Amino acid sequence: MILDVTAIDTYYGETQALFGVSLSVDAGEVVALLGPNGAGKTTTLRSILGLTRPRRGAIRFDGADVSRKPTHDIARMGVGWVPDDRRICPTLTVARNLSIALKRTRFRPWSMKEVFGIFSPLEYLVEREAENLSGGEMQMVAIARALLGSPGLVLFDEPSQGLAPKIVQDVLAIIRRLKDEGLSVIIVEQNAETALSVADRVYVLDRGTVAWSGLAAALRDDAGKRRDLLGA
Amino acid sequence: MKIKITRRALLAGTAATAGVTAFAGPWKHNRVWAQRTDKPILIGLTHDASGQFANSGQDEQRGTIMAIEEINAKGGVLGRKLSYIVADTETTPSTATRIAERMINRNEVAFIVGAIQSGVANAIGQVAQKYGVVYFNTNSSSPTEAGKDCQRVKFVWDGTGANFANAAAANAVKTFGKKWLLLTNDYVWGHNTSKATRTTAVQYGADVFDEILVPVGTRDFSPILLKIQQAKPDVVAAAVGGDDFKVMRQQTVDMKLDRKPAWLNNQQDWPDVYGLGIDSVFGVFGTTWYHKLDLPGVEDLVKKYQARWPDTRIDVPGNVFYNGYMAMHELAKAIERAGSTNNLKVIRALEGHKMSARDRLQHGDAYIDPVSHHVQQTIYMAMGNDKPVDKTDYFKILSWVGADDAKDKNEATDCKLQPLDKTPSYEM
Amino acid sequence: MDFLLYLLPHLLNGVALGLLFALIALGFMLIIGVMEVINLAHGSLFALGAYFALSLMTPDGGLKLGIAQLLFDLPIGWRYVIVLILAPIGVAVVGMGLEVCLRRTYGKDPLYGLLLTFGAALVLEELIRLTWGPTERFIPMPPSITGAVFIGDLIYSKYRFFASGFAILMIGLLWLFLEKTPYGALIKAGAHDSEMVRALGVNLTRLRLFVFGFGTALAAIAGIVMAPIWGVRPHVGVDAVVPAFVIIVLGGVGSFWGAVIAGLLVGMVVGLTGAYATDWSLIAMYILLILVVTFRARGLLGKKSVLEL
Amino acid sequence: MLVAFAIFGTLPFWISEIGLYPYLGAEVLIFCIYALGYNVLLGYGGLPSFGHGAYFGIGAYAFGLAQFNLSSSLWLCLVAAILAAAFFGAIVSLFISHRRGIYFALMTIAFGQMFFFIASKWTSVTKGEDGLLNILRLPADFGFAAYPIQRNIPFYWFVFGCFVVTIIVLWRVVNSPFGKVVQAIKQNEARTAFLGYNVVLYKAAVFTLSCAVAGFAGALFAMAQGGAFVQVMNLQWSGVVVLMVLIGGGFVSFWGPVLGVVLYFVARDLLGVYTDTWQLWFGLLFMLVVMFKPEGLAGIWQGIVYRKQKPRSSASLHLLVMLRGR
Amino acid sequence: MAEPLLILDRVEKAYTRGLINKQVTFRVRADLTFGQSAIVGMMGPNGAGKTTLFEMMTGSNVPTAGRVLCSGKDIHQVKYRERDRLAIHYHQSYQVRHFRRRKPSFMLESAGSDYPLVHLFDEPQFNTQDGYIGFMLDFFRKLRSENRLVFICLHPTAKYHLDILKEVCERFVFVAGGEAKEAPSLDALKEDTRFRSYLGDVMAVA
Amino acid sequence: MALFEAQGLHMRFGDRVVLEDISLDFPEGRLSGIMGPNGAGKTTCFNVLTGRYKPTRGRVVFDGEDITGLPPRTIARKGVSRSFQLMNLFNDFTAEENVLVALPAMRQRGFDLIGDAMGDRDLRERAEAVLERVGLAGKGPELAKNLSYGDRRALEIGVALAAEPRVLFLDEPTSGLGTDAIARLGHLIRKLKGEITIVAIEHDMEFLFGLADSIAVIHWGQVIRRGTPAELRANPWVQNSNLGRLK
């Protein structure tokens with residue numbers, strides 16, 4: 001297992017957001033986190049990154065206990081993050097936004113060129129200030145930025161949000177490619193269909209707890225169960 | 001023999017013993033000593049060691065200490081040695097009050113010497129008056145010191161702003177012109193000094209067309225200097241003190257305004273100017289003493305100073321040192337004249353006392369005015385030296401004015417000394 | 001017309017002062033931006049810069065090391081250039097030390113940062129007093145930048161032209177640094193969103209340390225350049241930190257050009273009160289502060305920030 | 001509490017024995033009054049004022065001026081000093097009461113500096129640098145008898161009386177409904193407003209109150225010193241009271257400021273013997289306190305006491321909390 | 001008032017780079033008229049200019065050429081603060097862009113409307129798991145029934161997105177290749193090869 | 001007529017429209033719910049209703065009286081009380097003091113500088129009664145910050161209740177609570193329902209649909225749907241979602 005999350009309780013201030021969430025991701029595995037608005041999906045990702053440190057429970061990444069490590073160390077160990085609100089620095093150009101993300105880890109490195117190969121529009125946008133990008137373009141920058149950090153595990157928070165269907169397919173293709181190269185992915189989605197088309201396993205969260213977990217195929221194949229857990 | 005009981009040594013003992021048993025306090029011993037004639041006479045030195053006037057405070061302290069050491073070397077006073085304690089007044093009157101209270105009540109000093117800033121001098125003077133302790137204000141030159149804030153126990157040794165104004169103004173109207181501008185530091189000394197200057201200057205026909213008030217602590221004088229440059233006065237009579245004056249001078253020289261108009265700077269304290277280079281002295285100003293006065297004994301004093309204080313940044317004694325030094329010597333002499341350390345006797349020995357020019361190392365005789373307790377003395381007019389004989393020769397002495405000509409006439413009306421019989425008496 | 005001619009040097013004066021104020025304020029702002037700390041010790045570090053420069057410029061400054069003698073033997077112009085580099089570095093080290101102390105206050109009420117830096121300001125001032133003495137000092141300047149120039153009938157200080165030019169240069173360099181270098185990108189990104197920057201693997205602790213050092217180095221540079229204008233004394237710091245705050249509030253936190261414009265504005269106000277209401281000139285800054293905070297707490301160009309409590 | 005009264009109540013009998021002097025005791029008590037009043041603002045109200053020296057100074061000047069121009073009754077002059085400080089405090093509070101945290105702090109600095117500059121400038125009234133001199137320690141006239149308090153020991157007793165009165169008044173105030181509301185505002189201003197309290201008015205009131213106490217202390221200080229000097233109004237002196245209150249532990253204890261003041265003065269007088277740098281050490285101590293123990297000396301003491309009492313039931317804990325007032 | 005609700009009168013926006021040798025780096029054109037209330041689905045690849053079009057409709061982004069008339073009023077001549085009384089743009093907060101304002105507000109005319117006539121929903125989130133989709137669709141219909149013009153900009157990345165579009169939208173606009181073109185129905189759009197390539201694999205599901 | 005009413009509320013922060021034409025009414029004695037996704041403007045709406053923000057346009061009417069733009073304290077004194085989403089207790093006070101400060105009788109004595117705040121037996125009894133009402137009997141002497149999370153939530157409501165309101169606004173009362181605690185809270189609110197008028201913002205639909213008499217859905221700063229829980233559930237999309245599966 002590249003990532004092991006064991007029974008974490010996470011709080012915002014004194015408000016508890018996660019109640020004993022456990023999940024695991026294997027190398028070369030894509031795991032989807034699904035659930036309604038406010039179920040704790042984003043909080044789970046923030047806990048893994050150490051941005052909102054769980055008060056109880058343990059998180060192991062790549063063989064090491066990271067639950068007490070500072071965020072930048074976790075990132076440097078190879079956890080990449082594509083936040084749901086993109087969080088591109090608006091006053092910097094695309095190129096500068098990407099350049100601050102460039103780093104090496106023990107995992108496969110990505111070059112600017114490679115990334116531009118995937119998101120061809122970016123190449124023409126490099127000199128543009130990020131605040132002048134469209135939503136979809138920003139999302140591309142956010143994903144590119146995560147890749148440039150040479151991650152071994154990428155946390156995608158709503159990657160399809162705001163992207164054209166074709167680009168969503170591209171993103172899914174990247175996820176598959178990461179998987180083929182032995183890297184791992186956690187994908188958080190409101191759009192269950194998109195997530196299920198690429199995930200190996202699924203955790204459904206509800207009100208801060210894991211309501212269901214199992215193989216993605218099981219959900220794909222069982223419409224009734226899908227409806228039960230995820231709505232139409 | 002040099003007895004040097006500093007505050008440090010004295011209190012170190014105090015603190016150490018206090019922890020062990022019920023310590024009787026140093027003053028209890030003093031009482032015992034009081035009956036014995038070999039008990040040292042304790043002088044409290046209240047010189048500023050920090051704050052705006054620390055530099056000058058330390059300089060006058062050197063003067064006082066050197067005098068004490070000289071007196072002790074000659075066998076002391078009335079056969080008793082002098083010893084002293086020092087405390088930092090922080091150039092803050094409220095601290096000075098506390099220190100005066102402590103020196104008098106706890107250390108039981110016989111006399112207190114030292115002050116630069118008028119607030120500190122007043123604060124100490126008040127406490128001293130309360131207990132009747134003779135206090136020498138060595139270097140505070142606010143005209144109020146010997147005017148409305150005079151005290152029976154307090155003696156003022158420096159020339160005041162009014163003295164310097166009297167000495168300079170008449171001459172300046174004749175030499176430089178009638179269009180005058182006053183530059184006044186916005187506090188008591190500045191106000192009073194400017195007032196005196198204005199009175200004298202107008203008396204001699206000057207037209208004072210403007211007065212600029214400069215807040216204490218002003219850093220940037222350029223707006224003022226630009227204004228002066230635009231107004232083109234003949235004379236700028238500046239009553240700006242301490243650090244403010246230093247900044248102003250620096251900036252005036254930098255803007256090349258130091259030659260024209262003519263600057264009449266009330267007083268120039270040696271520690272404020274020394275080390276800045278001869279070029280930085282500008283304008284005409286007053287002083288009570290200069291180390292290159294062509295008088296017997298002056299050179300001697302310079303040598304003694306250099307031997308005693310080889311490490312200080314100020315290589316030669318100046319007026320501030322001089323005031324401290326002279327005052328201490330006069331205190332010793334007064335005790336001798338009184339034949340006792342009894343304060344009232346010492347005061348009487350001081351009041352009206354005449355000091356010869358020779359003793360004072362000045363050109364004219366001086367006396368302690370019995371009305372205001374102010375030492376009326378020779379005032380020198382000086383300016384920057386264009387032909388210095390060595391690197392300490394900053395001033396060119398232009399002329400001097402005798403004690404009676406420089407005297408501030410207002411002192412007699414402003415000063416109301418407390419009656420002697422209302423002043424507590426003591427003897428140490 | 002005459003009036004305008006009289007006004008001109010005062011305006012020039014205001015501009016020179018304003019540019020230097022802006023320089024002080026920009027360092028102050030960098031620190032607020034990245035650390036959300038109001039650094040009340042900024043002024044003391046400003047003073048420290050001047051004192052370091054004093055020690056390096058002249059043996060009077062109290063530096064007794066043999067190596068320093070090498071420096072004192074250099075021609076004064078070169079010495080000045082070296083001092084402009086070395087002294088800010090020295091102050092930056094002190095600033096970084098302060099940042100290490102400040103770490104314990106991050107995430108708490110910003111008041112703690114304020115109190116701590118207030119204490120630090122007192123301590124630094126006291127240290128300066130002990131090391132260099134309480135009195136006014138002067139830093140010798142290369143003769144080429146001292147003296148006066150004549151503009152027609154009017155005299156103006158050459159040094160002020162130098163100071164303005166230098167301030168413009170520094171502001172320009174700072175802008176280039178922030179806009180064109182990777183460190184600048186990190187600082188801007190860190191100020192905008194520290195969380196994301198951490199998630200990219202940037203050691204925020206180190207970034208903060210660097211920014212604090214950098215901000216205080218700017219204060220030190222301003223202190224050195226300001227020294228011949230304001231003089232050097234231990235408590236000169238208060239006079240630097242108040243305009244910095246006024247400027248930040250006026251210009252808005254995080255607005256580079258806002259700070260520059262506000263700096264010029266404040267410089268102008270101070271220059272003109274200095275000329276036309278001299279006895280009130282020192283209070284002017286405080287009145288300005290009261291007015292600004294009373295009527296425009298959000299600043300002219302500012303965004304919401306830690307300042308709005 | 002009893003300890004404090006015991007120590008201060010017997011001070012003149014032993015202070016000389018430990019190498020100090022009664023005058024110092026009086027200054028300590030005066031600053032205790034000042035600091036206790038200040039702590040109602042900072043510790044209870046959570047409002048940091050860095051310009052409180054101004055009101056201390058105003059009190060001192062007002063006492064002197066009242067003595068010279070109004071009346072020779074000690075009580076009237078004291079009342080005048082308190083009213084003057086409260087009046088200016090109230091005016092300032094109009095400007096700053098709707099501010100919090102950093103803006104509040106900076107506004108107090110600005111106003112404090114303004115008062116300081118005005119006091120140094122307005123020499124016809126304040127006598128500027130020379131100081132307002134010859135302020136008398138007027139006899140304390142109780143109607144049936146008048147006691148002279150010119151000498152230091154009687155004066156100490158008088159100040160001690162003032163100290164006791166101040167303690168009683170402030171103790172009542174912090175435990176009164178008003179005190180509770182002020183503490184509530186410190187903890188949660190928005191919530192207090194939503195409970196129907198006029199937060200701005202309460203903040204203004206507590207600011208004014210603490211200014212009045214500062215003015216009272218200032219008046220006593222003027223008596224002690226025999227004069228009013230402008231320096232007590234400057235930023236550094238205003239900062240010193242913040243230092244004393246915080247080091248003493250004003251945030252957690254009513255008595256904290258007293259500890260801070262005693263530490264400050266005694267350290268100043270005793271350590272000042274060994275080192276000129278004692279202000280530096282005090283500043284460093286302050287920084288350490290802010291960093292590691294914002295609760296100050298009182299906090300450390302409470303920490304020790306509470307650790308011992310852990311097994312006790314919550315009810316008796318509550319009793320203890322009530323006894324300590326917090 | 002019989003004025004059409006919204007007219008994009010040969011509106012064009014072009015961004016250029018270079019001072020002397022100007023190169024167009026981005027261009028979007030539209031010439032469309034919406035006479036009465038409707039729910040319009042809007043689609044198009046990323047960066048094609050949908051958001052720019054929305055910005056021009058709400059008046060924040062000034063077109064290089066052409067006019068936007070909202071109920072007969074040129075929206076760029078309306079006071080800044082009142083423009084959202086004509087057209088309102090609902091977006092994710094990170095999409096806000098700021099544009100320079102050339103004229104002071106008092107020189108402009110007032111909107112003359114109280115509630116926005118044109119509602120532009122930029123990528124609203126539709127999560128099947130909570131029930132908000134239903135409320136949102138109801139809301140669109142309510143707006144339409146109150147004579148408003150509703151735009152929904154949506155990337156159909158899943159089948160249910162297409163279901164939503166089919167269910168509520170009457171008209172469709174596809175922005176691609178620098179141009180906004182209208183189609184009467186989804187099926188008609190599907191004739192367009194560019195639309196098919198935009199949809200990618202979702203086509204298969206649809 | 002409804003006890004509390006909002007008519008055409010508009011709110012802008014700078015150029016941003018935060019609330020758009022919000023009209024709501026809360027009938028006396030009922031529990032009205034407000035729901036909506038994150039960032040939809042629910043809390044802003046609450047803040048306008050309770051006086052923290054002044055609306056750019058529109059009116060807030062309480063018991064026939066226009067209270068628009070009045071400061072929170074004035075509105076609170078008229079009998080409008082609220083709890084907060086992020087816990088807003090007086091942490092260094094005991095539970096009892098928390099409630100005590102909220103009592104209107106205490107408010108009237110607010111400028112009493114000499115009385116003993118804790119000395120009034122009548123007030124303390126009243127405070128104890130409030131604590132008992134929210135299930136915190138006996139926990140009065142406990143410092144608020146030492147209470148368990150659930151107890152703190154209850155105390156939060158207790159403080160709001162102590163003000164003896166006619167309308168009680170609850171901002172996400174269940175946030176951060178586990179299932180058991182939510183059940184207990186539901187029990188408490190059900191007890192209060194009918195006694196006073198309650199308006200609750202809630203994220204937890206199950207909780208809200210089980211309690212509310214009517215619900216308004218807020219999104220994009222507007223009321224996009226209103227109705228009884230049953231009406232809201234009628235929509236097929238809703239039926240297919242989690243909501244549809246609730247009992």
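We use all heavy atoms of the structure for the numbers below, so side chains are in, but hydrogens, waters and symmetry mates are not. Small disclaimer: the values here were computed from a predicted structure and weren't measured. In what follows, chains carry the letters A, B, and so on, assigned in the order in which the sequence lines appear, proteins first and then strands, with residues in each chain numbered from 1.
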Which portion of A:Pro83 sits near chain C, non-hydrogen atoms under 4.5 angstrom: side chain

Chain C contact via A:Ile74 - side chain, backbone, both or neither, heavy atoms under 4.5 Å: neither

[atom1] of [X] to [atom2] of [Y]: how many Å apart, nearest 0.5 Å?
| X | Y | atom1 | atom2 | result |
| --- | --- | --- | --- | --- |
| C:Met196 | A:Ile88 | CE | CD1 | 7.5 Å |
| C:Leu178 | A:Thr91 | CG | OG1 | 9.5 Å |
| A:Trp81 | C:Arg198 | CH2 | CZ | 9.5 Å |
| A:Asn97 | C:Lys188 | CG | NZ | 10.0 Å |
| C:Ile187 | A:Ile100 | CD1 | CD1 | 11.5 Å |

Test log, rule side-chain contact (heavy atoms from CB on, under 4.5 Å), inputs C:Glu195 and A:Arg46: CA-CA 10 Å; C:Glu195 206 170 57; A:Arg46 291 179 59 88; 2.5 Å; yes

Of the non-hydrogen atoms in [X] and [Y], which two are nearest, and what is the gap between them?
| X | Y | value |
| --- | --- | --- |
| C:Leu200 | A:Lys103 | O-NZ, 3.5 Å |
| C:Val202 | A:His72 | O-CB, 3.1 Å |
| A:Leu92 | C:Ala185 | CD1-O, 3.5 Å |
| A:Arg96 | C:Thr181 | NH1-O, 3.0 Å |

Which of A:Thr71, A:Asp73, A:Thr105 touches chain C most, by non-hydrogen pairs under 4.5 Å: A:Thr71

Chain C interface, residue from A:Pro70, A:Ser99, A:Cys89, A:Gly80 that has the most non-hydrogen pairs under 4.5 Å: A:Cys89

Just wondering, more than 12 heavy atoms not from [X] lying within 6.0 Å of its [atom1]?
| X | atom1 | value |
| --- | --- | --- |
| C:Phe177 | CZ | yes |
| C:Lys108 | NZ | yes |
| C:Phe162 | CZ | yes |

Residue C:Asn203 versus chain A: region with a heavy atom under 4.5 Å: both

Backbone of C:Gly201 reached by a side-chain donor or acceptor of A:Arg76 within 3.5 Å: yes

